[in-house]
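For reference, the structure is listed below as structure tokens.
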Amino acid sequence: MNTRLIYLTIAMLGSTAVPSSHDVPSPRRALPVRAATPPCGPGVDIKNTAAESRCFELRTYTVRAGSSADLLHARFRDHTIALFQKHGMTVVGFWQPVARLDQLVYILAYRDAAARDAAWAAFSADPEWVKTRTDMQVSVDVDNTFMVATNYSPLK
């Protein structure tokens, strides 16, 4: 389910939930629900996919008004990527959409959904990440998509 739809549903119900480890909620907005990672990685039974595929996560960050895209880039460049690697996340790449300077897109890879969840739990609890997130606060909306490689993809 699209995280924006979840966010809208929560906003309409007036509920709050735990925020993503990456975003700093803006005042007056409900917090998004973090859905469980769907089955992802080797052995996922989906037509035209590679049985040996890792679990890929496509993440799109959109910087909220009043926050800084430059600070977001600096946070990833100077701190976050090293922490991802420390916690077993494989960084596939980062991209800057040319028509959306308020966005950052990146892909991470994991052995499977369980490895993804364990890596994010360890990352989120890492004291260095907590300090970085506090010192370099950036308000963003996060959209993530889980993927497996097709059986003809050169990258699995």
Side-chain angles (χ1 to χ4, degrees), residues 1-4 6-7 10 16-27 29-44 46 49-64 66-98 100-150 153-156:
M1 178 178 259
N2 186 309
T3 56
R4 290 187 180 118
I6 292 170
Y7 175 83
I10 291 170
T16 60
V18 177
S20 169
S21 63
H22 280 312
D23 52 345
V24 176
S26 65
R29 294 180 76 175
L31 303 174
V33 170
R34 293 180 61 178
T37 304
C40 187
V44 172
I46 300 173
T49 61
E52 70 277 16
S53 176
R54 292 175 288 172
C55 179
F56 293 93
E57 183 177 11
L58 170 69
R59 297 179 63 91
T60 301
Y61 285 35
T62 304
V63 178
R64 294 180 185 155
S67 206
S68 169
D70 289 337
L71 185 58
L72 178 64
H73 284 285
R75 189 169 80 178
F76 274 101
R77 180 185 316 108
D78 301 337
H79 303 280
T80 310
I81 291 174
L83 290 169
F84 282 169
Q85 293 167 338
K86 173 182 175 183
H87 294 290
M89 302 170 178
T90 300
V91 176
V92 176
F94 282 81
W95 295 268
Q96 171 64 65
V98 296
R100 291 293 309 264
L101 300 181
D102 63 335
Q103 288 187 330
L104 173 66
V105 177
Y106 66 98
I107 297 176
L108 298 173
Y110 319 89
R111 180 182 66 253
D112 54 28
R116 185 262 180 204
D117 291 344
W120 275 101
F123 170 83
S124 297
D126 189 302
E128 187 177 342
W129 168 243
V130 173
K131 180 177 180 350
T132 298
R133 184 184 65 221
T134 301
D135 293 348
M136 302 178 82
Q137 289 187 17
V138 181
S139 183
V140 298
D141 290 316
V142 180
D143 186 39
N144 62 340
T145 302
F146 294 95
M147 307 174 292
V148 290
T150 60
S153 174
L155 180 63
K156 293 180 179 65

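Along the sequence shown, the residues carry numbers beginning at 1. What you see is a predicted model; the values in this text were computed from it and never measured.
- Residue pairs meeting the salt bridge (Lys or Arg N to Asp or Glu O under 4.0 Å) criterion with at least one member in residues 123-132, sequence neighbours excluded, are Lys86-Asp126, Lys131-Asp135.
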Hey, can you pull the donor-acceptor pairs under 3.5 Å for the side chains in residues 66-74, sequence neighbours left out?
residue : atom : partner : partner atom : Å
Ser67   : OG   : Ser139  : N            : 2.8
Ser68   : OG   : Asp70   : N            : 3.3
Ser68   : OG   : Leu71   : N            : 3.0
His73   : NE2  : Gln96   : OE1          : 2.9

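- Residues satisfying the salt bridge (charged side-chain N to carboxylate O under 4.0 Å, His left out) criterion with Asp102, sequence neighbours excluded, are Arg100.
- Considering every non-hydrogen atom in both Ala149 and Ser53, the closest pair reads N-OG, 2.7 Å.
- A donor-acceptor contact shorter than 3.5 Å is absent between the side chain of Ser153 and the backbone of Lys156.
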Only pairs under 3.5 Å count here: list side-chain donor-acceptor contacts from residues 108-115, not counting sequence neighbours, and write none if there are none.
residue : atom : partner : partner atom : Å
Tyr110  : OH   : Glu57   : OE1          : 2.6
Tyr110  : OH   : Trp120  : NE1          : 2.9
Asp112  : OD1  : Ala114  : N            : 3.2
Asp112  : OD1  : Ala115  : N            : 2.8

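- In this structure, CG in Leu58 is found 8.0 Å from CG in Asp143, a value given to the nearest 0.5 Å.
- A parallel orientation is assigned to the rings of Tyr106 and Phe94, their planes being inclined by less than 30° (bins at 30° and 60°).
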Quiz prompt | Test side-chain contact (heavy atoms from CB on, under 4.5 Å) applied to Phe56 and Thr145, step by step | solution = CA-CA 8 Å; Phe56 293 93; Thr145 302; over 6 Å; no
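- Minimum interatomic distance between Met136 and His79 (heavy atoms only, all atoms of both residues): SD-CD2, 3.5 Å.
- At least one donor-acceptor pair under 3.5 Å links the side chain of Arg64 to the backbone N or O of Val140.
- Between Phe146 atom CZ and Arg59 atom CZ the span is 7.5 Å, to the nearest 0.5 Å.
- Annotation: side chain of Val92 is in contact with side chain of Leu155 (closest heavy-atom distance under 4.5 Å).
- Remark: Leu83 CG to Phe76 CZ distance equals 10.5 Å, nearest 0.5 Å.
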